[in-house]
Asker: 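I have a structure here, written as structure tokens, and I will follow up with some questions on it.
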Amino acid sequence: MTIVDAVAEPLPRAVIDLAALRHNVAHLTRLIAPAETMLAVKADAYGHGLLPIAEAGLQAGATSLAVLEIPAGLLLRHAGVTVPLLAWLHGQDTDWRAGIEADIELGVSAAWQLDAIAAAGADRPAVVHLKVDTGLSRNGATREEWPGLVESAVDLQRRGVVRIRAAWSHLADASITADAAALAEFRAAVAEAEALGARFEALHLAASSAGIRMPEARFSFVRFGIAAYGFSPFDDSTGAELGLIPVMRLEAPVTEVHVGGTARARLGIGYADGVPTLGIAKTSVLLNGRRCPVVEVAADSMLVDAGRSRVELGDTAILFGPGTAGEPTAEQYADWAETIADEMVTGVAARVPRVYVG
């Protein structure tokens with residue numbers, strides 16, 4: 001067996017198709033009208049790149065953005081983004097004053113967060129979205145805590161410390177029945193808050209799943225996350241079947257060719273770049289128009305069986321993409337790795353360059 005010398009400094013890349021992102025956002029925005037689209041750009045826009053995705057999403061019809069933490073919101077503000085931004089993951093070290101003064105709207109789940117906002121000493125009222133837990137248990141006040149949270153917020157609003165903008169929650173998306181029960185719970189919590197003196201400018205409950213299939217949960221706007229990036233939130237349909245186009249294509253160069261009875265190609269990407277090791281016996285990549293089974297995944301490389309195909313150094317393999325050229329999609333790769341497409345794209349390491357097209 002002969003081993004051809006390796007390519008110097010090989011780099012994989014994640015190609016981000018901004019035209020696909022704009023297509024998805026526009027498609028989803030038309031679907032939910034007259035509700036509006038809040039584009040979720042948490043976790044560096046699911047690994048796609050915060051600023052380019054935010055800009056493309058706003059061009060396509062999103063009217064607001066959702067991040068997790070205030071620092072991500074500050075990055076958007078410093079880049080010149082002026083639309084409403086919502087941040088809701090807070091800790092004891094949160095810089096509340098910086099967020100408030102940058103006009104970042106704050107998801108509030110607990111009384112201690114209101115206390116911290118009041119103590120921040122900002123020069124303007126904090127715009128808050130009061131969150132009630134309707135069953136997901138991903139923050140949000142319990143129904144027992146909810147009245148106290150609302151009363152505290154109403155009192156702070158009277159004092160000019162906060163402005164109550166919205167009530168909101170997350171659905172568990174466990175089943176149609178569970179989501180219907182959570183919707184009823186949300187409506188009851190809103191009615192209770194209004195009886196305590198709260199007046200909401202907006203309500204929001206649905207993310208990708210309910211936004212697509214549960215019109216009664218759309219309210220003022222839908223927080224679209226993974227659907228905007230081209231993937232289905234459902235087990236019984238693909239993103240393509242929902243009219244969505246995957247935004248990320250993950251590629252890697254051939255760095256070694258092992259020539260024997262059949263060719264084996266080593267690719268310049270591995271589990272340190274976010275490639276799962278689970279399920280490799282089922283996994284394949286597209287190389288020179290042919291699906292090639294994966295033999296092994298190492299830290300910085302992976303080996304594929306190219307059969308009797310002619311393979312040369314520098315050829316490009318596609319691990320996943322939109323599927324239009326015969327390559328696996330991230331949804332298919334996720335099935336092999338016993339995970340979800342969200343994890344496939346978000347897990348692509350930061351050291352993998354993002355290349356923007358479209």
Side-chain angles (χ1 to χ4, degrees), residues 1-17 43-50 226 229-231 246-323 325-357:
M1 179 179 288
T2 303
I3 301 178
V4 181
D5 289 341
V7 174
E9 296 186 6
L11 287 175
R13 66 180 194 165
V15 180
I16 310 300
D17 185 351
D44 196 31
Y46 289 76
H48 292 68
L50 177 66
I226 199 61
Y229 300 89
F231 304 113
V247 175
M248 181 186 290
R249 182 175 76 247
L250 185 61
E251 302 178 345
V254 173
T255 59
E256 294 177 5
V257 179
H258 303 249
V259 180
T262 60
R264 290 192 168 190
R266 187 164 293 279
L267 310 179
I269 191 169
Y271 61 75
D273 303 295
V275 178
T277 57
L278 186 65
I280 61 171
K282 307 172 188 176
T283 308
S284 62
V285 304
L286 186 72
L287 179 57
N288 294 340
R290 178 179 179 273
R291 285 286 193 101
C292 298
V294 175
V295 177
E296 69 174 22
V297 178
D300 299 284
S301 67
M302 59 192 298
L303 189 66
V304 301
D305 185 349
R308 298 189 178 280
S309 300
R310 180 175 178 81
V311 181
E312 297 181 354
L313 292 177
D315 285 349
T316 298
I318 304 176
L319 280 74
F320 59 75
E327 78 278 12
T329 64
E331 289 171 329
Q332 292 170 331
Y333 213 117
D335 286 342
W336 294 331
E338 299 178 22
T339 184
I340 54 177
D342 313 42
E343 185 176 350
M344 292 298 306
V345 292
T346 306
V348 174
R351 72 178 190 168
V352 175
R354 270 58 171 175
V355 178
Y356 295 92
V357 300

Asker: Check for a donor-acceptor pair, side chain of Ser301 on one end and backbone N or O of Val297 on the other, with a separation under 3.5 Å.
Answerer: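 Answer holds: no.
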Asker: So, using side chain to side chain contact (heavy atoms under 4.5 Å, CB included) as the criterion, who are the partners of Ala317 when residues are at least two apart?
Answerer: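 With neighbours one apart ignored, the set is Leu267, Val285, Leu287.
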Asker: Which residue pairs pass the salt bridge (charged side-chain N to carboxylate O under 4.0 Å, His left out) test when at least one of the two sits in residues 295-304, sequence neighbours left out?
Answerer: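 Qualifying pairs, neighbours excluded: Arg266-Glu296, Asp300-Arg351.
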Asker: Could you pull out all residues at least two apart from Arg291 that satisfy side chain to side chain donor-acceptor pair (under 3.5 Å)?
Answerer: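 Residues passing side chain to side chain donor-acceptor pair (under 3.5 Å) with Arg291: Ser284.
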Asker: Testing the basics here: between Ala337 and Leu278, what is the closest heavy-atom pair and its distance to 0.1 Å?
Answerer: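 Nearest heavy atoms, Ala337 then Leu278: O-CD2, 3.2 Å.
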Asker: With Tyr333, which residues qualify under ring pair (Phe, Tyr, Trp, His ring centres under 6.0 Å), at least two apart?
Answerer: Trp336
Asker: State, to 0.1 Å, how close Pro12 and Gly268 come at their nearest heavy-atom pair, and which atoms those are.
Answerer: CD-O, 3.2 Å
Asker: Which residues satisfy the salt bridge (charged side-chain N to carboxylate O under 4.0 Å, His left out) test with Glu251, sequence neighbours excluded?
Answerer: Arg13, Arg249
Asker: With side chain to side chain contact (heavy atoms under 4.5 Å, CB included) as the criterion, how do Phe320 and Met344 come out once you've worked through the C-alpha distance, each side chain's angles and the decisive distance to 0.1 Å?
Answerer: CA-CA 9 Å; Phe320 59 75; Met344 292 298 306; 3.9 Å; yes
Asker: For Met302 and Val294, run side chain to side chain contact (heavy atoms under 4.5 Å, CB included): C-alpha distance rounded to whole Å, both residues' side-chain angles, the deciding distance at 0.1 Å, then the answer.
Answerer: CA-CA 7 Å; Met302 59 192 298; Val294 175; 3.6 Å; yes
Asker: Of all residues at least two apart in sequence or in a different chain, which pass the side chain to side chain contact (heavy atoms under 4.5 Å, CB included) check with Arg308?
Answerer: none
Asker: After noting the C-alpha distance and the side-chain angles of Val311 and Val259, does the key distance pass the side chain to side chain contact (heavy atoms under 4.5 Å, CB included) rule?
Answerer: CA-CA 9 Å; Val311 181; Val259 180; over 6 Å; no
Asker: For Tyr46, is there any backbone N or O sitting under 3.5 Å from a side-chain donor or acceptor partner on Asp44?
Answerer: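 Checking the backbone N and O of Tyr46 against the side chain of Asp44, no donor-acceptor pair under 3.5 Å is found.
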Asker: Taking the side chain as C-beta and beyond, is there a heavy-atom pair between Val295 and Arg264 under 4.5 Å?
Answerer: yes
Asker: Which pair of non-hydrogen atoms, one from Val352 and one from Ala14, has the smallest distance, and what is that distance?
Answerer: CG1-N, 3.7 Å
Asker: With Ala350, which residues qualify under side chain to side chain contact (heavy atoms under 4.5 Å, CB included), at least two apart?
Answerer: none
Asker: Assess whether atom OH of Tyr356 is packed by more than 12 heavy atoms of other residues, nucleotides or ligands within 6.0 Å.
Answerer: yes
Asker: Between Asp305 and Pro293, is any pair of side-chain heavy atoms under 4.5 Å apart?
Answerer: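 In contact.
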Asker: Considering residues at least two apart in sequence or located in another chain, which fulfil the side chain to side chain donor-acceptor pair (under 3.5 Å) criterion with Asn288?
Answerer: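 Asn288 satisfies side chain to side chain donor-acceptor pair (under 3.5 Å) with Asp315 only.
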Asker: Not counting sequence neighbours, which residues clear side chain to side chain contact (heavy atoms under 4.5 Å, CB included) with Ala263? List them please.
Answerer: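 Partners of Ala263 under the side chain to side chain contact (heavy atoms under 4.5 Å, CB included) test: Ala306.
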Asker: Just do the side chain to side chain contact (heavy atoms under 4.5 Å, CB included) check on Val357 and Val15 with the steps written out, would you?
Answerer: CA-CA 7 Å; Val357 300; Val15 180; 3.9 Å; yes
Asker: Which pair of heavy atoms, one from Val348 and one from Met248, lies closest together, and at what distance?
Answerer: CG2-SD, 3.9 Å
Asker: Do His258 and Leu303 touch side chain to side chain, with heavy atoms closer than 4.5 Å?
Answerer: yes
Asker: Atom CG of Leu319 and atom OG1 of Thr329: how far apart are they, to the nearest 0.5 Å?
Answerer: 12.5 Å
Asker: If I take atom CD from residue Glu327 and atom CG from residue Leu286, how far apart are they, to the nearest 0.5 angstrom?
Answerer: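 So the gap between those two atoms works out to 6.0 Å.
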Asker: Provide the full list of salt bridge (charged side-chain N to carboxylate O under 4.0 Å, His left out) pairs with a residue in residues 330-346, sequence neighbours left out, each pair given once.
Answerer: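 Sorted pair list comes back empty.
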Asker: What residues, two or more places apart in sequence or in another chain, satisfy ring pair (Phe, Tyr, Trp, His ring centres under 6.0 Å) together with Phe231?
Answerer: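 With sequence neighbours excluded, Phe231 shows a ring pair (Phe, Tyr, Trp, His ring centres under 6.0 Å) to no residue whatsoever.
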Asker: Measure the OG1-CD distance between Thr283 and Gln332 for me, rounded to the nearest 0.5 Å.
Answerer: 11.0 Å
Asker: How long is the span from the CG atom in Leu11 to the CD1 atom in Ile269, to the nearest 0.5 Å?
Answerer: 10.5 Å
Asker: When you measure from the side chain of Asp17 to the backbone N and O of Val247, does any donor-acceptor pair fall under 3.5 Å?
Answerer: no
